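Side chains are part of it too, since the values below use all heavy atoms of this structure and drop only hydrogens, waters and symmetry mates. Note that the coordinates shown come from a computational prediction; the quantities given were computed from them, not determined experimentally.
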Amino acid sequence: MNNKKARAFFMVPYLAWIILFVILPILLILWYSLTDSSNHFTLNNFVLFFRNGTFLKMMLNSFWYAFLITLITLVVSYPAAYFLTKVKNQQVWLLLIILPTWINLLLKAYAFIGILSNGGLVNKFLQLFGLGPVNILFTDFAFIFVATYIEIPFMILPIYNAIKEINSAVVQASEDLGASKWQTFRYVLWPLSRPGVESGIQAIFIPSLSLFMLTRLIGGNRVITLGTAIEEYFMTTMNWNMGATIGVVLIFLMIVVMLITGRKTKRKKVNL
């Protein structure tokens, strides 16, 4: 009985935090999305969102950029995480990977502005070969490159942990049974490390849907996503109802992604 009371007592701060900073803000956003400027109930905000081609284009852009960022980080992070499990002094290498995450996002964005600008380090290097200056900043490439660099640690760590937990005897057994390296990867390594991949995809894809700081600072006005639209409606036009509507759509998209990447797959027998 005392254990139940102690557990309930320690649950109070957690529940208070969830209610005040998660549930109530979501309910507030939902309220704004279902009302107009006069606080009257309406569905016109959602009708306008799905009928307006501009909003649909922003949604497609958000998915496209998030997909590219996630795909590139996965392609780079999986081999890096695999080789990280094989090297010595793994804790040192992990620390080097984690260190950039300790730096404020805004500072990293301004650092890349200095690196990629016309007078930055990249263009100065290109000028040595007579190739500069090249307009790199405020392009789709710059935005995807910087976003990928910033998100890579959040993909490497869960994949590394998943691969690290795989029993090396299982991999060795597949090789002893005549499986090629590709078959070992496809039927053993990849399925067993898939939970880490899915966690990494969630950690990258979902935040990438709502990026707005990097789209402004690195992508300029060329990169338009739902995140920049929300910022525009809340901070510039002061149309909180439409901004909340976009926020609700974005939350729904995030939930869909979580359900897709978090579903459990049935194991099936395969022939090597």
Side-chain angles (χ1 to χ4, degrees), residues 60 62-103 105 108 112 140-211 214 252-272:
L60 292 176
S62 299
F63 263 98
W64 176 243
Y65 287 122
F67 171 76
L68 287 179
I69 294 170
T70 305
L71 178 63
I72 296 173
T73 53
L74 178 60
V75 171
V76 174
S77 300
Y78 198 98
Y82 176 79
F83 287 111
L84 192 61
T85 60
K86 305 299 181 181
V87 299
K88 298 180 180 179
N89 300 321
Q90 295 179 14
Q91 299 302 321
V92 176
W93 289 103
L94 284 174
L95 179 61
L96 293 176
I97 293 173
I98 296 173
L99 274 177
T101 64
W102 297 356
I103 303 174
L105 178 61
K108 288 188 282 190
F112 273 104
D140 291 354
F141 168 79
F143 167 69
I144 294 174
F145 176 80
V146 174
T148 300
Y149 166 80
I150 293 174
E151 301 285 3
I152 274 180
F154 302 103
M155 180 70 80
I156 290 180
L157 293 178
I159 296 177
Y160 166 81
N161 290 329
I163 297 178
K164 190 69 175 177
E165 292 178 357
I166 298 176
N167 192 338
S168 59
V170 177
V171 178
Q172 186 176 357
S174 68
E175 295 175 352
D176 292 342
L177 291 173
S180 64
K181 292 186 179 297
W182 166 248
Q183 289 174 324
T184 300
F185 169 77
R186 180 180 178 183
Y187 296 115
V188 179
L189 189 62
W190 175 258
L192 294 178
S193 63
R194 188 170 176 177
V197 174
E198 292 175 347
S199 298
I201 290 175
Q202 288 182 358
I204 304 299
F205 192 91
I206 293 176
S208 297
L209 282 174
S210 57
L211 286 175
L214 293 181
F252 176 77
L253 295 177
M254 291 178 178
I255 293 174
V256 171
V257 173
M258 290 183 64
L259 292 176
I260 293 175
T261 56
R263 68 173 182 228
K264 294 182 178 180
T265 56
K266 295 181 179 180
R267 295 182 179 181
K268 61 180 181 180
K269 183 178 179 180
V270 294
N271 297 317
L272 297 177

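Taking the side chain as every heavy atom from C-beta outward, Phe63 and Leu253 approach each other to under 4.5 Å. Proximity of Val257 to Ile260: side-chain heavy atoms (C-beta onward) are nowhere separated by under 4.5 Å. The shortest side-chain heavy-atom distance between Ser193 and Ile166 falls under the 4.5 Å cut-off. Contact annotation: the side chain of Ile152 never approaches that of Ile204 to less than 4.5 Å [non-hydrogen atoms, C-beta and beyond]. Contact of the Thr70 side chain with the Met155 side chain is registered, since non-hydrogen atoms from C-beta on lie closer than 4.5 Å. Side-chain contact check for Val197 versus Trp190: some heavy-atom pair is nearer than 4.5 Å. Looking only at side-chain heavy atoms (C-beta outward), Tyr78 and Phe185 come within less than 4.5 Å of each other. By the 4.5 Å heavy-atom criterion applied to side chains, Leu94 and Ile156 are not counted as neighbours.
Expressed to the nearest 0.5 Å, how far CG of Asn167 lies from CD of Gln172 amounts to 9.5 Å. Annotation: the span from Phe141 atom CZ to Leu68 atom CG amounts to 12.5 Å, rounded to 0.5 Å. Summarising the geometry, atom OG belonging to Ser174 is positioned 14.0 Å from atom CZ belonging to Arg186; distances are rounded to the nearest 0.5 Å. To the nearest 0.5 angstrom, Leu71 atom CG is 9.5 Å from Ile201 atom CD1. Of the inter-residue distances, the one linking Leu96 atom CG with Leu84 atom CG reads 10.0 Å to the nearest 0.5 angstrom.
Ring centers of Tyr160 and Tyr82: at least 6.0 Å apart, outside the cut-off. No close placement of the Phe205 and Phe67 rings is indicated, their centers lying 6.0 Å or farther apart.
Here the closest non-hydrogen pair linking Met258 and Ile206 is CG-CD1, 3.1 Å. Nearest heavy atoms, Thr184 versus Glu175: OG1-CG, 3.9 Å. Scanning both residues, Ile69 and Glu151, for their nearest heavy atoms gives CG2-CG, 4.4 Å. Taking each heavy atom of Ser199 and Pro158 in turn, the nearest pair found is CB-CB, 4.0 Å. Taking every heavy atom of both residues into account, Gln202 and Pro207 meet most closely at O-CD, 3.5 Å. Considering every non-hydrogen atom in both Thr85 and Gln90, the closest pair reads O-NE2, 2.9 Å.
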Legend entry - Worked check of side-chain contact (heavy atoms from CB on, under 4.5 Å) between Trp64 and Leu60: CA-CA 6 Å; Trp64 176 243; Leu60 292 176; over 6 Å; no
Inset, instruction - Could you go through the side-chain contact (heavy atoms from CB on, under 4.5 Å) check for Phe154 and Thr101 one step at a time? - result: CA-CA 9 Å; Phe154 302 103; Thr101 64; 3.9 Å; yes
Inset, instruction - Let me see the working for Leu211 and Tyr65 under side-chain contact (heavy atoms from CB on, under 4.5 Å), right down to the final yes or no. - result: CA-CA 10 Å; Leu211 286 175; Tyr65 287 122; over 6 Å; no
Legend entry - Derivation of the side-chain contact (heavy atoms from CB on, under 4.5 Å) call for Ile150 and Leu214: CA-CA 10 Å; Ile150 293 174; Leu214 293 181; 3.9 Å; yes
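Checking side-chain atoms of Ser77 against main-chain N and O of Leu74 turns up no donor-acceptor pair under 3.5 Å. When atom types are taken as modelled, the side chain of Lys108 and the backbone of Pro100 share a donor-acceptor pair closer than 3.5 angstrom.
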